[in-house]
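Worksheet: one structure, shown below.
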Amino acid sequence: MRRIGILTSGGDAPGMNAAIRAAVRHAIGRGLEVIGIRRGFTGLLAGETIALSRAGVANAIQRGGTILGTSRCEDFLKAKGRARGAAALRERGIDGLVVIGGGGTFHGAELLAAEHRVAVAGVPGTIDNDVYGTDFTIGFDTAVNTALAAIDRIRDTAASHDRLFFVEVMGRTSGDIALGVGVAGGAEDVIVPERHTPLATLADAIRESWQRGKRSSIIVVAESGRPGHVFGLAEEVHALTGLEPRVCVLGHIQRGGTPTARDRILASRLGAAAVDIVVDGGGAMAGEACGEIVRVPLHDAWSRRRATPDDLLTLVRDLA
Ligand code: F6P
């Protein structure tokens with residue numbers, strides 16, 4: 001192996017740049033050339049590449065977003081698209097590929113590897129923390145801290161006005177961000193896509209807590225692939241409790257910003273480990289489990305579901 005490619009795909013996540021930097025510098029240290037592919041698989045199909053040097057990734061470790069750009073590429077879901085992608089790699093003499101992203105990215109990458117014999121390694125980069133085989137994905141810690149800073153501010157005004165607040169955080173199919181900020185922010189309750197919470201139960205819990213003397217509450221709601229659905233939920237709770245809630249949707253604020261130290265360290269470890277996987281023939285994602293670097297079969301990484309941290313949900317309710 002002489003030359004590898006690297007791309008970021010799917011939703012951007014803070015720490016992706018630290019992973020790019022680590023992969024580039026580790027690969028060069030191992031005697032490889034590195035080609036950056038812009039805008040994920042979309043850029044691969046369009047032939048948008050750039051040679052990456054050690055200096056080319058200087059001052060990237062602290063930057064949010066992704067210096068390579070990213071996209072969600074529908075064409076790559078089709079065999080024809082992947083064949084074009086493989087041809088683009090061959091034309092540039094690229095024998096291996098590091099892909100940084102989430103489940104959708106790994107699915108496409110696994111098919112590319114199987115159909116066109118490309119050595120592919122994955123790096124889990126998404127704020128949602130919804131990738132199997134790694135304790136944390138790159139960007140999750142930063143997103144939780146960003147959402148937490150917002151919730152701390154909301155708590156100030158909620159307490160001043162004796163108010164009930166609903167705060168919607170990101171998480172398409174995973175409630176990990178909601179549960180993280182729910183525990184760390186002292187929320188009254190957390191609504192996640194993995195578990196059904198009947199509205200009547202939520203309303204009863206809020207009513208009871210206010211009867212106990214509570215004068216402000218924060219309910220954290222995961223977006224669950226329906227951004228803004230928190231407004232409807234707040235309306236229904238208003239009808240059931242008589243309390244007049246306020247709603248705040250944090251949205252894409254959670255995706256940007258300077259990565260935390262924890263995300264930079266994780267990204268640096270996994271970016272370097274992914275290069276070693278590519279050199280060894282690919283087929284796996286670099287993950288971190290119980291503090292150790294692990295190799296997770298790409299197929300498992302996108303097809304298997306992480307366990308829901310039910311203990312955190314119980315804890316939020318216990319401590320409310
Ligand atoms: O990257 C994950 C994520 O932020 C999800 O939490 C969210 O549902 C989705 O991406 C939003 O995607 P987009 O930025 O394309 O609207």
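Start at 1 and go down the list; that is how both ligands and their atoms are numbered.
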Can you find a pair of side-chain heavy atoms, one from T197 and one from R317, that are under 4.5 Å apart?
yes
Parallel, tilted or perpendicular for F136 and F140, by the 30°/60° rule?
parallel
Looking only at protein heavy atoms, which one is nearest to atom 6 (O) of ligand 1, and how far off is it?
D128 OD1, 2.7 Å
Closest to atom 12 (O) of ligand 1 among protein heavy atoms sits R72 NH2, 2.9 Å
Quick one: which ligand 1 atoms are inside 4.0 Å of a heavy atom on G171?
6 (O)
Looking at H252, which atoms of ligand 1 are within less than 4.0 Å of one of its heavy atoms?
13 (P), 14 (O), 16 (O)
Got a sec: does the CZ of R153 have more than 12 other heavy atoms crowding it under 6.0 Å?
no
So, 4.0 Å and heavy atoms of G10: is ligand 1 close enough to count as a contact?
no
Output yes when a side-chain donor or acceptor of R246 lies under 3.5 Å from a complementary backbone atom of F166, and no otherwise.
no
D135 backbone acceptor or donor facing E288 side chain under 3.5 Å
no
Atom indices of ligand 1 within 4.0 angstrom of E223 heavy atoms, with elements:
7 (C), 8 (O)
Contact region, R255 to ligand 1, non-hydrogen atoms below 4.0 Å, reads side chain
Examine distances only and state if a side-chain atom of E168 and a backbone atom of V230 form a donor-acceptor pair shorter than 3.5 Å.
yes
Counting from 1, what ligand 1 atoms have a heavy atom of G11 closer than 4.0 Å?
1 (O)
With heavy atoms of R172 as the reference, note each atom of ligand 1 found under 4.0 Å away.
6 (O), 8 (O), 9 (C), 10 (O)
Is there a salt bridge (Lys or Arg N to Asp or Glu O under 4.0 Å) between R195 and D310? Walk through the geometry before answering.
CA-CA 9 Å; R195 298 285 175 259; D310 281 313; 2.8 Å; yes
